[in-house]
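Let me begin by presenting the structure, written as structure tokens, before commenting on it.
Naming: A, B, ... by sequence-line order, numbering from 1 per chain. These figures come from a predicted structure and were not determined experimentally.
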Amino acid sequence: MESLPPSNCPWERGTRELFKSIKTKKISANELWKYCHGRAQEINGETKAYYQIFDKAFAGASVDSSNNVLLGAPVALKDFIFAKGNECTAGSAILEKFIAPYSASCVQRLVDHGGVILGRTSMDEFGMGSSSENSFQGPVMNPWNLSRSPGGSSGGSAAAVAAGSAPFALGTDTGGSVRQPAAFCGITGLKPSYGRVSRFGVISFASSLDQVGTLGLDAYGCAKLLESISGQDDRDPTTSHADAFKYEEPGAGVFKGLKIAIPDLMEEVEMDGNVKAAFEDFKIFLKTNGAILATVPMPLLKYSLAVYYLICTSEASSNLSRYDGVHLGFGGEKNVSLAKVMSSARSLGFGSEVKRRILLGTFALSAGYRDAFFNKAAKVRRLIKESYESIFESYDLILTPTTLESAFKIGDRIQDPIKMYNSDRLTIGPSLAGLPAISFPAASSGLPVGMQLVAPYFKEQRLLEVVDAYQEASDGFRPGLAPYPFEGATHG
Amino acid sequence: MKHQIDITTLSRLALLDLDETEKTKLTNSLEEILGFFDDLQSLNTENVEPLFNINEETTFLREDAVKRLVGRDEVLASAPQQSDHCYRINRVLGKES
């Protein structure tokens, strides 16, 4: 059967066009909801992008027109983020029956800005994974090829957008969990600066790294979604005092004189042929349009994976201690010691990757090892952050591909943790430094390929306008939805 | 460097019950992962302050006012067991091993 684009998708030509259609009343918010709701049900059997598609929009009572940034557009919500009164499982059996007692600040802001929540998307358990296979409800399939992983941990959110069921989705990104799925699914994903978006009401994995991110077909969509959720929050003391983000449309000549650094690591690493070709083509686009590219030494980047896995597992081992079978989770065994009540409940509820990371973090923090592992990693983290700062004294942006390969096959890496951890090699550096980073699709011959740009702290505007201009340029690349019917056979 | 993991102690500290198969599998993978961290030890980090929090702005102070976000029963609703507005747990017998 010939592959076709999703029929009549209202944002097939981009988020700007979608907003224009709503403003000119070509489509009403209600019609858009119906379209998304129907489409989500249509694609969910094959992709498993959603744990739940809401029958009725989760929305604000009424939206002040001056705040109506999202114009009633549906947003898919990673099941890591609270929407009051709805389940929130974090992809874990231990939270299977958990009901969010309040809404996350970002969800409250989103509905106050005219967004409506379409459903809860699938994810790796507690955000721990790069393939969305570590979910208690089974793996998520990539709409570009159903035998492939959509990436993770926000794989459900990325698949929901790529399959044309929602114009936007919220995800969370700890070491690449928004950007890598965006790359694998051929869409755009932004991890804002640490402190840009409140984490209140977002389940914690690694608190010094976790950040809510936005996914959309294009940079314009990611920008409008960020506008609707950013800003200081009394309930999260790690949010910055800076004003909420407001996107400014790119002027002409965005690329002219733009100084872009490429880490020398890119000369050493092996990447797939289609990633390499897309990377080279994008560099040519930048040069042709007046940007200045240079390779820069970033010798510390090769340590970032080790630093990341020590810090994130240490923080996770502490954050996940709350799932004790008393306050949350299952009831444990009876007539045993208190420790046994708790450990029996935890062991039933957590999947194997979560157990591995809790144990690794417990080890890194335990007496006699803390200095050599956790503290050492935290020191190298400062050096990595300083190395980014010194690059940004001379450059505007840093460019790499988002990943070294396109979407891998489901089942290929799940038994090999180090290979799986390596999927995050290029996305982790900016996470450790708290910097904003964006992944966006570049023209490729096969499966989608993502490019990543990193900007100085709080310079999301620069990232978004550069990618927006690339996606609007006649010699650029406008992202498209996965062709439908989907290719490939559904896994298992 | 080969790191030795005492999986029994570690699982006790982490409050996780592991069966023998899990113990063997996790010991192997943890030792392999720890080997992967060895490169870090060669980096000189003398006089480097550890970085624990990215946002180095001063914490803002909010007004010292009581705000009710969520009721007791809404929080208790997600507990495995509850009675009389309290958490309830299974009968605990015996000391910790």
Side-chain angles (χ1 to χ4, degrees), chain A residues 97-99 101-102 194-195 208 232 234 237-238 240-241 303 306-307 309-310 317 321 324-339 341-347 350 352 355-356 358-360 362-363 366 372-373 375-383 385 417-418 433-434, chain B residues 3 5-7 9-19 22 25-26 29-30 32-34 36-41 43 45-46 48-55 57-60 62-63 67 69-71 73-81 87-97:
Chain A
K97 296 192 175 117
F98 179 76
I99 306 289
Y102 51 86
Y194 186 84
S208 79
Q232 196 233 306
D234 285 350
T238 63
S240 162
H241 315 321
Y303 300 102
V307 171
Y309 276 94
L310 281 167
S317 74
S321 65
D324 58 4
V326 174
H327 302 92
L328 293 165
F330 298 86
E333 289 176 19
K334 295 179 180 171
N335 299 332
V336 290
S337 72
L338 185 58
V341 169
M342 293 182 177
S343 61
S344 57
R346 285 162 65 78
S347 303
F350 288 140
S352 61
K355 287 179 189 169
R356 176 162 33 236
I358 290 175
L359 289 165
L360 194 56
T362 305
F363 176 83
S366 59
F373 289 97
N375 285 356
K376 183 77 182 184
K379 287 177 180 182
V380 181
R381 183 180 187 183
R382 182 174 297 279
L383 296 178
K385 178 170 177 264
I418 291 191
Chain B
H3 295 274
I5 294 261
D6 177 357
I7 193 78
T9 308
L10 206 56
S11 58
R12 185 172 51 76
L13 287 173
L15 284 181
L16 290 172
D17 291 345
L18 305 175
D19 62 34
E22 273 184 307
K25 215 173 140 192
L26 283 164
S29 85
L30 289 175
E32 192 189 344
I33 295 167
L34 285 174
F36 170 77
F37 296 148
D38 279 345
D39 279 358
L40 283 187
Q41 305 307 333
L43 270 177
T45 51
E46 224 180 295
V48 178
E49 276 293 303
L51 177 67
F52 297 123
N53 185 12
I54 284 295
N55 185 351
E57 291 173 18
T58 329
T59 309
F60 54 81
R62 64 164 173 78
E63 220 178 303
K67 284 186 194 169
L69 174 69
V70 58
D73 291 337
E74 285 163 294
V75 171
L76 279 170
S78 286
Q81 304 174 65
Y87 290 105
R88 184 186 175 90
I89 64 165
N90 295 335
R91 187 201 325 240
V92 169
L93 285 178
K95 289 189 182 153
E96 281 157 39
S97 51

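Only the side chain of Ile7(B) comes within less than 4.5 Å of a heavy atom in chain A; its backbone stays farther off. Residue contact with chain A, scored on non-hydrogen atoms closer than 4.5 Å, involves the side chain of Ile89(B) exclusively. Contact annotation for Tyr87(B): only side-chain heavy atoms (C-beta onward) come within less than 4.5 Å of a heavy atom of chain A. For chain B, no part of Ala345(A) is nearby; none of its heavy atoms comes within less than 4.5 Å. Only the side chain of Ser29(B) has a heavy atom closer than 4.5 Å to any heavy atom of chain A. With a threshold of 4.5 angstrom between heavy atoms, Leu16(B) approaches chain A through its backbone and through its side chain.
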- Message: Please determine whether side-chain contact (heavy atoms from CB on, under 4.5 Å) holds for the pair Ile54(B) and Ser208(A), giving the CA-CA distance in whole Å, both sets of side-chain angles, and the decisive distance to 0.1 Å.
- Response: CA-CA 7 Å; Ile54(B) 284 295; Ser208(A) 79; 5.9 Å; no

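In terms of heavy-atom pairs under 4.5 Å with chain B, the best-connected choice from Arg356(A), Glu333(A), Arg382(A), Lys355(A) is Arg382(A). Here Val326(A) is the residue among Val380(A), Leu328(A), Val326(A) with the most heavy-atom pairs under 4.5 Å with chain B. Between chain B and the residues Thr238(A), Val307(A), Ile99(A), Leu360(A), the most heavy-atom pairs under 4.5 angstrom are made by Leu360(A). The most heavy-atom pairs under 4.5 Å with chain A, out of Glu22(B), Glu63(B), Gln41(B), Lys67(B), come from Gln41(B). Counting heavy-atom pairs closer than 4.5 Å to chain B, the top-ranked of the candidates Gly329(A), Gly434(A), Pro417(A), Gly195(A) is Gly329(A). Between chain A and the residues Ile33(B), Leu76(B), Asp6(B), the largest count of heavy-atom pairs under 4.5 Å involves Ile33(B).
Shown here for Lys376(A) and Ala372(A), the closest heavy-atom pair between the two residues is CB-O, 3.3 Å.
Judged purely by distance below 3.5 Å, without hydrogens or angles, the side chains of Asp17(B) and Ser344(A) never pair a donor atom with an acceptor atom.
Outside the 6.0 Å centre-distance limit, the rings of Phe37(B) and Tyr309(A) are not counted as a close aromatic pair.
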